[in-house]
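Report on the structure given below.
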Amino acid sequence: MTFKELDLSNQLQYAIDDLGFENPTPIQEQAFSVVRSGKDVVGIAQTGTGKTLAYMLPILRDLKFSKQQHPRILILVPTRELVLQVVEQIEQISKYINTRVLGVYGGTNINTQKQSILQGQDIIVATPGRLYDLALSNALKMKSIQKLVIDEVDVMLDLGFRFQLMNIFDVIPERRQNILFSATMTEDVDALIDDFFKNPEKISVAVSGTPLDNIEQVSYNIPNFFTKVNLLHHLLKDKKTFNKVLIFVGFKRTADLLFKHLEEVFNDEMCVIHSNKTQNYRIRSIRQFDEGKNRILLATDVMARGLDFDEVSHVINFDTPDFPENYMHRIGRTGRAEKAGKTILFSTEKEQEVKVGIETLMNYEIPVLELPEEVEVATMLTEDERPREDQGISKNRTSLEYVPGPAFHEKSEKNSQVNRGGSYRREIAKKYKKPKTRGDKNYNKHNKKK
Ligand code: ADP
Ligand code: MG
């Protein structure tokens, strides 16, 4: 099918031509008439298959020019970075139409956003928290919302967001079209649909959890954190092959620790993003990575959810995600728009179980590669790897990343700066270079006591 057969308006077609897109992706093709029908819609398609335009094209097709102040379309996404990307996509595609679109998210001045709202908007793209604050303060009137889009709906139902979504449902008109999109489906999403939506039409381009053929997957079995670090050093040395690398870790704590062990060698080519970094730092890091100024971006799951980067050469899973869906979202940052992509999974013995979970979801066994000979097997263990009694780490996929509320968002730039240098770093660097002979003092002490 071509875009010509989709019955786009001329203005949308011109914008598509400018973007150089030839044919609609399967989800775009299938969602178009269903979204236009006004029925509730649930769309499932793999990452990187153009879901944003799958809901935006039909919405813009039918959005009549209006001077009214209050918005008619509300799009909810989980992160501020995604707000920016979705706004950008809408601006590109509505280049020849008079559409007013505004992105709102926390961590920035709410009064500036109120001013922009006053000027009148058609489409609001928002994170749930800030949206709700704006609605409560009456700055944003929700009574004219006709269509609600929830993008990345499964992550939106994780802790914190669920509550905010319920609040938002309460303040938007009951008579509206609900449009949900995601690459993965969970039971929570099913429950939400049952509770709130009217006979939604499901469009499923692939069974939830189907990986894309154009992403080549491999894995390594690695004994521990520091051997993973050694392997990473080994791989990243090859700048030609590993020319745009997104590294994922599950927790910001791991991100900071890993960053410390990479920055000595890769400092100039590397950025790290997680929820404790300031908004400015995050936006800058993402831009620098996307434009190719930085070769390496280290990110947590939630931070990079749904983001669209141009031609990522490799996605490296430094740890194996507990939730198989997160693996799908991680690897989906490469191989976008049918380009070839590569992904590498690092798993320890402990992580084998969750790895099997991922393979079961995908119905695909990830090939295992031998650890290259040059890679030194480390004996030093991290604090987390040492045996201990209190294993009460929360299993929730976002609880450590997302703590809603202003205190959490408004970190000062100073507080969240990466600590470069200092004695700690030297100490770690020293240790790390000689793990074999020295072992880990603390670890030895700990074992002796037992
Ligand atoms: P998803 O939300 O499914 O992960 P996105 O909507 O972010 O995917 O789109 C992924 C990439 O594909 C974007 O860079 C987008 O510009 C591009 N894209 C979208 N539709 C098409 C199309 N019909 N042809 C080619 N590229 C497309
Ligand atoms: Mg998306």
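Atoms within a ligand are numbered from 1 in the order they appear, just like the ligands themselves. Here the structure is a predicted model, which means the values were calculated and not measured.
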- Where's the contact between Asp308 and ligand 1, heavy-atom distance under 4.0 Å: side chain, backbone, both or neither? side chain

- Query: Can the ring centroids of Phe309 and Phe289 be said to lie less than 6.0 angstrom from one another?
  - Reply: yes

- contact_flag Ala45 ligand 1 heavy-atom lt 4.0 Å: no

- Does any N or O atom in Gln28 lie less than 3.5 angstrom from one in ligand 1, N or O only? yes

- Query: So, Asp62 and Arg36, do they make that salt bridge, N to O below 4.0 Å?
  - Reply: yes

- Item | Part of Asp310 with heavy atoms under 4.0 Å of ligand 1, whether side chain, backbone, both or neither | neither

- With a 4.0 Å cut-off, would you call Arg282 and Glu81 a salt bridge? yes

- Task: Answer with yes or no whether Ile16 contacts ligand 1, where contact means a heavy atom under 4.0 Å from a ligand atom.
- Result: no

- Task: Would you verify whether the NZ or CZ of Lys228 falls within 45 degrees of the ring axis of Phe318 while also being under 6.0 Å from that six-membered ring's centre?
- Result: yes

- Note on the structure: Ranking Phe181, Phe21, Phe3 by closest non-hydrogen atom to atom 25 (C) of ligand 1, top hit is Phe21

- Task: Assess the pair Phe251 and His274: is the distance between their ring centroids shorter than 6.0 Å?
- Result: no

- Message: With a 4.0 Å cut-off on heavy atoms, is Gln89 in contact with ligand 1?
- Response: yes

- Message: Thr49 versus ligand 1: do any nitrogen or oxygen atoms come within less than 3.5 Å of each other?
- Response: yes

- Among the heavy atoms of Glu22, does any lie under 4.0 Å from an atom of ligand 1? no

